[in-house]
Amino acid sequence: MTNADIRQRLLEHGIQPTTQRIDVATVLLAKPQHLSAEQIQEALRATGRRVSKATVYNTLRLYCEKGLIREVIVDPTRVFYDSTTEPHHHFFNVDTGELSDIEPDAVRFLRLAEAPAGTERAGVEVLIRVRQTRV
(Lines give C-alpha, C1' and ligand atoms only; values in the text may rest on other atoms or scores of the structure.)
Protein backbone atom coordinates (compact mmCIF):
# COMPACT_ATOMS: atom_id res chain seq x y z
CA MET A 1 0.00 0.00 0.00
CA THR A 2 1.52 3.32 -1.05
CA ASN A 3 1.40 6.55 0.94
CA ALA A 4 -1.15 7.85 -1.60
CA ASP A 5 -3.31 4.75 -1.01
CA ILE A 6 -3.11 5.22 2.75
CA ARG A 7 -3.85 8.93 2.49
CA GLN A 8 -6.93 8.15 0.35
CA ARG A 9 -8.12 5.44 2.75
CA LEU A 10 -7.83 7.83 5.69
CA LEU A 11 -9.76 10.51 3.83
CA GLU A 12 -12.48 7.98 2.90
CA HIS A 13 -12.95 7.36 6.64
CA GLY A 14 -13.07 11.07 7.48
CA ILE A 15 -9.57 11.14 8.97
CA GLN A 16 -7.21 14.03 8.29
CA PRO A 17 -3.99 12.36 7.03
CA THR A 18 -1.19 13.79 9.21
CA THR A 19 2.34 12.41 9.01
CA GLN A 20 1.95 10.41 12.24
CA ARG A 21 -1.44 9.02 11.21
CA ILE A 22 0.03 7.89 7.90
CA ASP A 23 2.98 6.31 9.73
CA VAL A 24 0.68 4.32 12.06
CA ALA A 25 -1.54 3.27 9.15
CA THR A 26 1.49 2.18 7.13
CA VAL A 27 2.35 -0.35 9.83
CA LEU A 28 -1.15 -1.53 10.71
CA LEU A 29 -2.72 -1.64 7.25
CA ALA A 30 0.24 -3.32 5.51
CA LYS A 31 -1.59 -6.67 5.68
CA PRO A 32 -4.38 -8.37 7.63
CA GLN A 33 -2.96 -8.52 11.15
CA HIS A 34 -3.52 -7.98 14.86
CA LEU A 35 -1.08 -5.64 16.58
CA SER A 36 -0.91 -4.04 20.01
CA ALA A 37 -0.12 -0.34 20.37
CA GLU A 38 3.32 -1.32 21.68
CA GLN A 39 4.01 -3.51 18.64
CA ILE A 40 3.04 -0.64 16.34
CA GLN A 41 5.30 1.76 18.20
CA GLU A 42 8.19 -0.73 18.03
CA ALA A 43 7.66 -1.23 14.29
CA LEU A 44 7.74 2.53 13.80
CA ARG A 45 10.96 2.84 15.82
CA ALA A 46 12.54 0.05 13.79
CA THR A 47 12.00 2.12 10.64
CA GLY A 48 13.40 5.27 12.25
CA ARG A 49 10.05 6.99 12.75
CA ARG A 50 9.44 8.66 16.09
CA VAL A 51 5.84 8.69 17.28
CA SER A 52 4.97 9.11 20.95
CA LYS A 53 3.00 6.46 22.81
CA ALA A 54 0.18 8.96 23.37
CA THR A 55 0.01 9.73 19.66
CA VAL A 56 -0.13 6.02 18.79
CA TYR A 57 -2.98 5.43 21.27
CA ASN A 58 -4.88 8.55 20.18
CA THR A 59 -4.49 7.58 16.53
CA LEU A 60 -5.70 4.03 17.16
CA ARG A 61 -8.71 5.32 19.09
CA LEU A 62 -9.56 7.64 16.18
CA TYR A 63 -9.17 4.80 13.66
CA CYS A 64 -11.56 2.65 15.71
CA GLU A 65 -14.12 5.45 16.04
CA LYS A 66 -14.03 6.03 12.27
CA GLY A 67 -14.31 2.31 11.42
CA LEU A 68 -10.89 2.01 9.81
CA ILE A 69 -9.82 -0.76 12.22
CA ARG A 70 -11.36 -2.86 14.99
CA GLU A 71 -10.35 -3.14 18.60
CA VAL A 72 -10.15 -6.67 20.04
CA ILE A 73 -9.95 -6.80 23.83
CA VAL A 74 -8.70 -10.21 24.94
CA ASP A 75 -8.44 -9.30 28.62
CA PRO A 76 -8.32 -6.07 30.64
CA THR A 77 -4.58 -5.67 29.99
CA ARG A 78 -4.38 -6.81 26.35
CA VAL A 79 -5.85 -4.96 23.41
CA PHE A 80 -5.15 -5.72 19.78
CA TYR A 81 -5.97 -3.58 16.76
CA ASP A 82 -7.31 -5.54 13.82
CA SER A 83 -6.87 -4.31 10.26
CA THR A 84 -9.73 -6.54 9.08
CA THR A 85 -13.02 -4.76 9.75
CA GLU A 86 -15.46 -7.32 8.36
CA PRO A 87 -17.23 -9.37 11.07
CA HIS A 88 -15.15 -12.37 12.13
CA HIS A 89 -14.09 -14.30 15.22
CA HIS A 90 -10.74 -14.98 16.87
CA PHE A 91 -8.57 -17.56 18.59
CA PHE A 92 -6.34 -16.18 21.34
CA ASN A 93 -3.40 -18.36 22.34
CA VAL A 94 -2.86 -17.69 26.05
CA ASP A 95 0.64 -19.24 25.91
CA THR A 96 2.01 -17.31 22.93
CA GLY A 97 -0.17 -14.18 23.08
CA GLU A 98 -1.06 -14.65 19.41
CA LEU A 99 -4.45 -13.59 18.09
CA SER A 100 -5.64 -15.25 14.87
CA ASP A 101 -8.77 -15.04 12.75
CA ILE A 102 -11.60 -17.53 12.55
CA GLU A 103 -13.77 -17.31 9.46
CA PRO A 104 -17.23 -15.91 10.28
CA ASP A 105 -19.09 -18.96 8.99
CA ALA A 106 -16.90 -21.37 11.04
CA VAL A 107 -18.91 -20.47 14.17
CA ARG A 108 -22.63 -21.15 14.23
CA PHE A 109 -25.27 -20.41 16.84
CA LEU A 110 -28.48 -22.35 17.24
CA ARG A 111 -30.03 -19.46 19.14
CA LEU A 112 -28.95 -16.12 20.59
CA ALA A 113 -30.35 -14.59 23.74
CA GLU A 114 -32.82 -11.77 23.25
CA ALA A 115 -31.30 -8.34 23.72
CA PRO A 116 -32.40 -6.51 26.87
CA ALA A 117 -35.45 -4.25 26.53
CA GLY A 118 -34.69 -1.02 24.71
CA THR A 119 -31.57 -2.41 23.00
CA GLU A 120 -30.68 -4.29 19.86
CA ARG A 121 -27.74 -6.51 18.95
CA ALA A 122 -24.93 -4.60 17.28
CA GLY A 123 -22.95 -7.73 16.47
CA VAL A 124 -21.62 -10.97 17.85
CA GLU A 125 -17.91 -11.67 18.17
CA VAL A 126 -16.48 -14.88 19.55
CA LEU A 127 -13.06 -15.07 21.20
CA ILE A 128 -11.88 -18.63 21.83
CA ARG A 129 -8.95 -18.95 24.20
CA VAL A 130 -6.57 -21.80 23.39
CA ARG A 131 -3.26 -23.01 24.79
CA GLN A 132 -0.45 -25.19 23.52
CA THR A 133 -1.16 -28.90 23.78
CA ARG A 134 0.49 -30.36 26.87
CA VAL A 135 2.06 -33.78 26.39
Side-chain angles (χ1 to χ4, degrees):
M1 195 175 257
T2 68
N3 267 5
D5 294 334
I6 291 171
R7 179 179 295 279
Q8 182 60 36
R9 191 139 175 226
L10 294 177
L11 289 169
E12 287 169 359
H13 283 84
I15 300 168
Q16 182 62 37
T18 66
T19 300
Q20 286 107 351
R21 290 174 182 168
I22 292 171
D23 288 347
V24 170
T26 299
V27 171
L28 187 55
L29 302 179
K31 60 185 177 182
Q33 60 186 332
H34 311 95
L35 297 174
S36 68
E38 292 78 16
Q39 289 170 316
I40 293 167
Q41 191 170 26
E42 284 302 314
L44 289 168
R45 277 194 195 126
T47 62
R49 296 182 187 115
R50 294 281 182 229
V51 180
S52 74
K53 183 185 264 190
T55 299
V56 171
Y57 276 101
N58 289 337
T59 299
L60 292 170
R61 183 174 32 253
L62 174 65
Y63 288 177
C64 288
E65 289 170 3
K66 297 292 189 170
L68 182 64
I69 62 171
R70 294 177 52 189
E71 184 178 62
V72 180
I73 302 170
V74 297
D75 68 39
T77 63
R78 281 199 161 150
V79 177
F80 290 91
Y81 297 91
D82 191 347
S83 60
T84 303
T85 57
E86 292 81 27
H88 63 285
H89 311 291
H90 295 95
F91 284 117
F92 176 66
N93 187 314
V94 296
D95 293 331
T96 66
E98 180 183 2
L99 188 69
S100 56
D101 291 341
I102 302 172
E103 292 299 318
D105 58 353
V107 176
R108 298 181 201 272
F109 297 94
L110 293 175
R111 181 177 45 197
L112 292 174
E114 291 296 321
T119 67
E120 62 184 11
R121 268 192 296 275
V124 176
E125 297 176 19
V126 173
L127 177 70
I128 301 173
R129 288 176 175 74
V130 298
R131 65 174 31 100
Q132 301 304 111
T133 304
R134 309 239 194 288
V135 181

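Predicted model only: the values in this text are computed from it and were never measured. The first residue of the sequence shown is numbered 1, and numbering continues consecutively from there.
R7 places no side-chain N or O within 3.5 Å of a backbone atom of T2 that could act as its donor or acceptor partner. Judged by distance alone, the side chain of R49 and the main-chain N or O of Q20 form no donor-acceptor pair under 3.5 Å. Distance alone, capped at 3.5 Å, is enough to place a donor-acceptor pair between the R21 side chain and the Q16 backbone.
Using a 4.0 Å cut-off between a side-chain N of Lys or Arg and a carboxylate O of Asp or Glu, R9 and E12 do not qualify as a salt bridge.
With a 4.5 Å cut-off on side-chain heavy atoms, E103 and H88 do not count as touching. Two residues are said to be in side-chain contact when any heavy atoms from C-beta on lie closer than 4.5 Å; L99 and V74 meet this criterion.
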Please determine whether side-chain contact (heavy atoms from CB on, under 4.5 Å) holds for the pair V126 and I102, giving the CA-CA distance in whole Å, both sets of side-chain angles, and the decisive distance to 0.1 Å. CA-CA 9 Å; V126 173; I102 302 172; 5.6 Å; no
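Between atom OG of residue S83 and atom CZ of residue R70 there is a gap of 10.5 Å, rounded to the nearest 0.5 Å. Atom CZ of F92 and atom CD of E98 lie 9.5 Å apart (nearest 0.5 Å). Expressed to the nearest 0.5 Å, how far CD of Q132 lies from CG of N93 amounts to 4.5 Å. With rounding to the nearest 0.5 Å, the separation of CG in L127 from NE2 in H90 is 8.0 Å. With rounding to the nearest 0.5 Å, the separation of CG in D82 from CD in E125 is 9.0 Å. Atom-to-atom distance recorded for D23:CG and T59:OG1 is 9.5 Å, nearest 0.5 angstrom.
Here I40 sits in one hydrophobic cluster together with M1, I6, L10, I15, I22, V24, V27, L28, L29, L35, L44, V51, V56, Y57, L60, L62, Y63, L68, I69, I73, V79, Y81; the rule is ILVMFWY side chains under 4.5 Å apart, joined directly or through other members.
Counted within 6.0 Å of CZ on R111, heavy atoms from surrounding residues, nucleotides or ligands total 12 or fewer; the atom is thus considered open. The 12-atom threshold is not exceeded at CD of E114, counting heavy atoms of other residues, nucleotides or ligands nearer than 6.0 Å.
Here the closest heavy-atom approach between residue A115 and residue E120 is recorded as CB-CA, 4.1 Å.
Neither V72 nor V107 shares a network with the other; the hydrophobic side chains, linked directly or stepwise wherever heavy atoms of I, L, V, M, F, W or Y lie under 4.5 Å apart, form separate groups for each. Hydrophobic clustering (ILVMFWY, side-chain heavy atoms < 4.5 Å, transitive): V130 and V94 are in distinct clusters.
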